[in-house]
Amino acid sequence: MDELKDYKEYLKTHVPGVKRRDFFKWMGGGIYVFFSVGKALDLLAADGDQYGRGGVSDDFNAFVRIKEDGKITCFVGKIDMGQGAITSFPQMVADELDVAYEKVEMVLGDTDLCPWDMGTFGSMSVRILGPTLRAAAAEARAVLLELGSEKLGIPVDQLSVKDGVIFIKNNSKKKVTYQELAKGKKIERHMEQKPALKDYSELKVMGTPKFHQDALDKVTGKALYSGDIRMPGMVYARILRPPSHAASLVSVDTSEAEKVEGVQVVRDGDLVAALHEDSEMAGKARSLFKAKFSIEEEKDIRNDNMFNYLLKNAPDGNSNINEGDLSTGKGQSFVVFENEYHDGYVAHSPMEPHTALAYMEGDKMIVRAGTQTPFPAKSNIARALGMEEEKVRVQPPFLGGGFGGKSAHQQAIEAALLAKLTKKPVMVDWNRKEEFFFDEFRPAAIVKVNSGIDSNGKITFWDYHVYYAGDRGAETMYDVPHQKRTVYGRGWTAPGIHPFGTGAWRAPGNSTNVFAREVQVDIMAAKAGIDPVEFRLKNLTDKRAIDVLEAVAEMADWKPAKSPRGRGFGVAIGSDAGTYVAHIIQVEVNKQTGEVKVLKIWCAQEMGFCVNPQGSTIQMEGCINMGLGYALKEIVEFDGGKVKTSNFDTYEIPRFSWIPEIHTKILQRNEPPQGGGEPAIICMGAVISNAIYDATKARLFEMAMTPERVLKALKKD
């Protein structure tokens, strides 16, 4: 899958014009180091003109400041929503700059202080921005060495650095510190010869486990999220919402609400809100609105007909893989398999709903918003308010989860509009019903797979058709001589199909594609009478895939046997964001209730060089637990554009009682770091389905695999 293409498509709808800024006027004294970017960000910069952003400067793509007290402040446009960028980035800077990890402080996502960034998604922080950030720190070190050489009167090649102190190699007493060089100075210096990044063998901080820098603040409640911020005169906004995504506001009578003491009613087009210093009073006033809506062209799609509807309205397909000859492969097949897999709409359901506080500071709009895309948010807010972008500042605090669902930032625009109209600080904090209604769900999808094996258990052909999930994770992975892949609608970019918004959901489309591929492979293995691990190894040539599969089999003490064995063990492999994963799982199925209990999970992951093994382990565990939800219980109930699901009483996400015994392993490699925030989630549906089959002989072809669907499959078997 061309991930860059996927994000280009995303940018078309989420990123309007972004202008260049003067980085220096906020910064005061210190040493500033500019550096050029690598190929990946050059590509994104080139897209800047296409999307009207004004482009990313060719002079620099990140910013490092050496402060007068010896602290290192690093500014990046990314945010932290729990993925650990706030820890991994300082590890990179500390290693390249030769300073203590504890000295590096991060400023994340502040649009007035940080370099432009398209957003935080796709497990791109470490693997895409990381090399650029390391290059910045390496160049900063080189600049400081030049300055130290001038200060000490000693050639650079006779100097060394340790913990921010430059000294003569054979006389450590003759030295100068970074802060001594930076004190009171503002130096802009380019290196003619860009220094190389350190070799993996030289790294001392990267590759060592570090607890998240923000962990203590979060567990003690010190960390602030958007909804925690308070200001004098701040009011809460309760906004009129439509009953359906197909509804249009005809009229609204707010006269009764205006009688509530202390309430201010604001209307700007279809934005109608009641505001009050007390959130409950604002809600009470909002409940007094008398609104009329018209509903036109409500789509005839519901939970019970959505897959038929989606197939009927599917756009033309695009075959982006076509190798060998399918008819030849079919002719070589001993057995042919044809199956259809279904995956429903899934919500992001973060712990923290969309929230934003907006207020005017002089002639400037300040927005404290929980958003994965602060710079696109800045642009959209400026456009909505009719202001110059320099007059808008977005400062994202910590985010309480995102998973792709906080890439859009409607709440930030609403808060800014109301703050401009009222001249007051305005808090827009969606309740759970609003969070579900306006969520850009993972799109429902269908996958049709036609495949075959020969008498020796080798896969002969693979004909893959995916509707609406896109091709992320749709790689065949296995060594198949005759294969074709056809994609119908690229995920959320299928206009006019879905009755509500759809968007990127943690490893977009990959969990759907892995579900279809790995269950199909398991079906072939069972028919061939070959152990499911051995069948995969028999058909794999990709060394990285083989490594993780062998590693997880060893972890689980896998005993080869033909499935179904009645033991409830399943296996699945996948890749995402440059990382390979393999899962083995053990389940227990209650044949009377259909309930599935996951008992144990083993997961091996190969992600190149792992910057922070502790953080990556946490991400793996988080992915596994979140994956239990989409695999087993999560279903969005809807009727056309009316979203019936409104809270967690009907939308069941994983609970503490679900958490199985988890064993993880990271295969450390001296290769460029790859993504870690999403890969371990992609196999969860497939591995659970395969384990259910091993336990019961019942095949599940649709997610979520609810008790009702399990019972139906058991009866069918």
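Please read these numbers as outputs of a predicted model, since none were measured by experiment.
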Query raised in the report: NZ of K597: more than 12 outside heavy atoms within 6.0 angstrom?
Result: yes
**Report entry** Check ion pair E652-K633 (N to O, under 4.0 angstrom)
**Finding:** yes
Report task. Would you please say whether a donor-acceptor pair under 3.5 Å links the side chains of R472 and N513? Result -> no
Report task. Flag the pair E475 and R485 as a salt bridge only when some basic side-chain nitrogen lies within less than 4.0 angstrom of an acidic carboxylate oxygen. Result -> no
Query raised in the report: Going by the angle between their ring planes, with limits at 30° and 60°, are F569 and W602 parallel, tilted or perpendicular?
Result: parallel
Query raised in the report: Less than 4.0 Å between a side-chain N and a carboxylate O, is that true for E606 and R544?
Result: yes
Requested in this report: Mind checking the CG-OH spacing from D300 to Y309? Nearest 0.5 Å is all I need.
Outcome: 7.5 Å
Query raised in the report: Between L310 and Y467, is a side chain to side chain contact (heavy atoms under 4.5 Å, CB included) present by the stated rule, with each step listed?
Result: CA-CA 8 Å; L310 292 171; Y467 298 80; over 6 Å; no
Report task. Determine, stepwise, if the pair K665 / E554 fulfils salt bridge (charged side-chain N to carboxylate O under 4.0 Å, His left out). Result -> CA-CA 11 Å; K665 182 176 184 178; E554 182 180 355; 5.1 Å; no
Query raised in the report: Between atom OG1 of T460 and atom CD of Q332, what is the distance when rounded to the nearest 0.5 Å?
Result: 6.5 Å
Query - Gap separating the CG atom of D542 from the OG1 atom of T476, nearest 0.5 angstrom - result: 12.0 Å
Requested in this report: Using only heavy-atom distances, determine whether the side chains of T373 and S407 contain a donor-acceptor pair under 3.5 Å.
Outcome: no
Query raised in the report: Are K559 and D557 within salt-bridge range, i.e. N to O under 4.0 Å?
Result: yes
Query raised in the report: Hey, are R699 and D522 close enough for a salt bridge, meaning a charged N less than 4.0 Å from a carboxylate O?
Result: yes
Report task. Look at R565 together with D694 and state whether they make a salt bridge at an N to O cut-off of under 4.0 Å. Result -> yes
Query raised in the report: Are Y468 and H498 close enough that their ring centers fall under 6.0 Å?
Result: yes
Query raised in the report: Should E702 and R709 count as an ion pair when the cut-off is N to O under 4.0 Å?
Result: yes
Query raised in the report: For W505 and V346, what are the C-alpha separation, side-chain angles and deciding distance, and is it a side chain to side chain contact (heavy atoms under 4.5 Å, CB included)?
Result: CA-CA 8 Å; W505 188 95; V346 174; 3.6 Å; yes
**Report entry** Flag for Q520-Y341: side-chain donor and acceptor within less than 3.5 Å
**Finding:** yes
Query raised in the report: Is it true that R669 and D547 make a salt bridge, defined as a side-chain N closer than 4.0 Å to a carboxylate O?
Result: yes
Report task. Flag yes if more than 12 heavy atoms outside F648 fall under 6.0 Å of its CZ atom; otherwise flag no. Result -> yes
Query raised in the report: More than 12 foreign heavy atoms under 6.0 Å from CG of D304: is that the case here?
Result: yes
Query - Lys NZ or Arg CZ of R442 over Y630 ring: under 6.0 Å, within 45° - result: yes
